[in-house]
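For reference, the structure discussed in these notes is given below.
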Amino acid sequence: MTREPSCPIRKVLQTLDSEILQGKERALRLSFIALLAGGHVLIEDLPGLGKTTLALALASVLGLSFGRVQCTSDLLPSDITGLSIYDRDSGQFRFIKGPIFNNILLADEINRAMPKTQSAMLEAMEERRVTVEGTTHPLPDPFLVIATQNPVEQIGTYPLPESQLDRFLLVTGVGYPPENLEKEIIRNGGLHDQIRHLDSLLSHDELLTARRKVREVQLGNKLVDYIFALVAKTREHPYLISGLSTRGGLNLAAAARAAAYLDGRDYVIPEDVQLLAVPVGAHRLLLRPEHESLSKSEVLRSIVDSVPVPRA
């Protein structure tokens with residue numbers, strides 16, 4: 001087993017973390033893991049903590065196209081996917097692409113969109129294509145959705161059902177910035193203007209190469225057994241109606257491979273799985289009614305702590 005030499009995408013992550021988005025290390029790293037693993041991110045946190053800034057910065061330094069949708073109760077599926085309009089000059093219908101045809105789409109406050117719109121977007125995320133009036137349109141590659149939802153706002157919202165939450169590779173928060181940085185932001189204003197002028201630090205080919213190398217990261221038999229043991233344990237836990245799905249286990253393996261790659265390894269270690277088990281798995285769990293006041297993250301963390309860790 002070997003360590004991968006220094007890779008461009010890891011340098012991009014380090015630059016963002018140390019120079020531009022200080023204090024967002026965990027959210028940044030998880031977003032990179034999702035991008036490399038081909039998944040999507042749901043950010044649950046209060047408004048005004050930099051969710052948009054994070055998505056915009058990611059698109060800028062990676063040289064990717066960026067779109068944003070502010071979800072509201074009257075947002076229609078076609079407002080996201082696009083629609084066909086009649087072109088009088090050609091006498092034919094012409095498809096107008098919606099914002100989902102960007103490499104990175106920020107779906108802000110997704111739980112404010114009605115279920116029909118949520119379902120259309122989540123289907124496109126899964127299928128990576130949009131079908132309008134019988135014609136299928138592929139989405140760009142790479143394609144990353146960063147959706148946000150407010151954890152405390154309930155009025156006028158449509159919470160994502162568990163089956164749709166399962167479409168997100170992982171869930172994270174962003175948290176408050178460090179004190180010194182927050183004072184700097186209050187003194188000099190936000191980072192939006194600075195981020196809009198960031199140069200791309202990575203080519204499209206370098207990003208696709210990184211994603212290919214992530215898929216080649218080794219996942220040994222002991223690690224496969226370990227992930228399965230975690231998944232199986234969630235399914236028999238007395239506090240849970242349902243544990244992790246097969247997709248959950250698959251996503252945990254993919255995320256662990258991406259984490260290993262970002263650490264410069266071409267092999268997964270148990271610590272990769274342990275660190276990602278909660279962000280990848282907690283939102284997929286369904287608590288029994290009598291235990292709904294418990295934290296899913298804490299329940300899953302206790303399960304991770306109870307499963308024997310494989311040794312080399």
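In this text the structure is predicted, and so the values were computed from the model without any measurement.
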Would you say the side-chain atoms of Arg247 pair up with the backbone N or O of Arg167, donor to acceptor, closer than 3.5 Å? no
Report the relative orientation of the aromatic rings in Phe168 and His40; use parallel for angles under 30°, tilted for 30 to 60°, perpendicular for over 60°. perpendicular
In one Ile/Leu/Val/Met/Phe/Trp/Tyr side-chain cluster, 4.5 Å: Leu244, Val307: yes
Test log, rule side chain to side chain contact (heavy atoms under 4.5 Å, CB included), inputs Leu300 and Leu285: CA-CA 8 Å; Leu300 184 51; Leu285 304 179; 4.0 Å; yes
Only one of Thr117, Val145, Leu105 clears side-chain contact (heavy atoms from CB on, under 4.5 Å) with Val69; which? Leu105
Should Val61 and Leu262 be counted in the same cluster of Ile, Leu, Val, Met, Phe, Trp and Tyr side chains packed under 4.5 Å apart? yes
Under 3.5 Å, is there a donor-acceptor pair linking the side chains of Ser203 and Asp205? no
Do Arg94 and Ile85 touch side chain to side chain, with heavy atoms closer than 4.5 Å? yes
Same cluster or not: are Leu275 and Leu36 linked, directly or through other Ile, Leu, Val, Met, Phe, Trp or Tyr residues, by side-chain heavy atoms under 4.5 angstrom apart? no
Is it the case that atom CD in Glu179 sees more than 12 heavy atoms from other parts of the structure closer than 6.0 Å? no
A quick test of your reading: do over 12 heavy atoms of other residues, nucleotides or ligands sit less than 6.0 Å from CD of Glu182? yes
Which heavy-atom pair separates Arg211 from Pro142 by the least distance, and what is that distance? NH1-CB, 3.0 Å
Under 6.0 Å from the CD atom of Glu25, do we count more than 12 heavy atoms belonging to anything else shown? no
Just checking Phe95: does its CZ atom have more than 12 heavy atoms from other residues, nucleotides or ligands closer to it than 6.0 angstrom? yes
Does CG in Asn221 sit with more than 12 non-hydrogen atoms of other residues, nucleotides or ligands closer than 6.0 Å? no
Would you say Thr72 and Arg112 make side-chain contact, with heavy atoms under 4.5 Å? no
Should the pair Lys11-Glu206 be classified as a salt bridge under the 4.0 Å nitrogen-to-oxygen rule? no
May I ask you to say whether Asp108 pairs ionically with Arg68, meaning some side-chain N is under 4.0 Å from a carboxylate O? yes
For the side chain of Ser119 and the backbone of Lys116, is there at least one donor-acceptor N/O pair under 3.5 Å apart? no
Short question: side chain of Asp45, backbone of Gly175 - any donor-acceptor pair under 3.5 Å? yes
Quick check: do Leu83 and Leu76 have side-chain heavy atoms less than 4.5 Å from each other? no
Would a single hydrophobic cluster contain both Phe66 and Leu201, if residues Ile, Leu, Val, Met, Phe, Trp and Tyr are joined by side-chain heavy-atom contacts under 4.5 Å? yes
Treating Ile, Leu, Val, Met, Phe, Trp and Tyr as nodes and any side-chain heavy-atom pair under 4.5 angstrom as an edge, say whether Ile227 and Val304 lie in one connected cluster. yes
Checking side-chain contact (heavy atoms from CB on, under 4.5 Å) against Val41, which of Leu144, Leu169, Leu30 comes through? Leu144
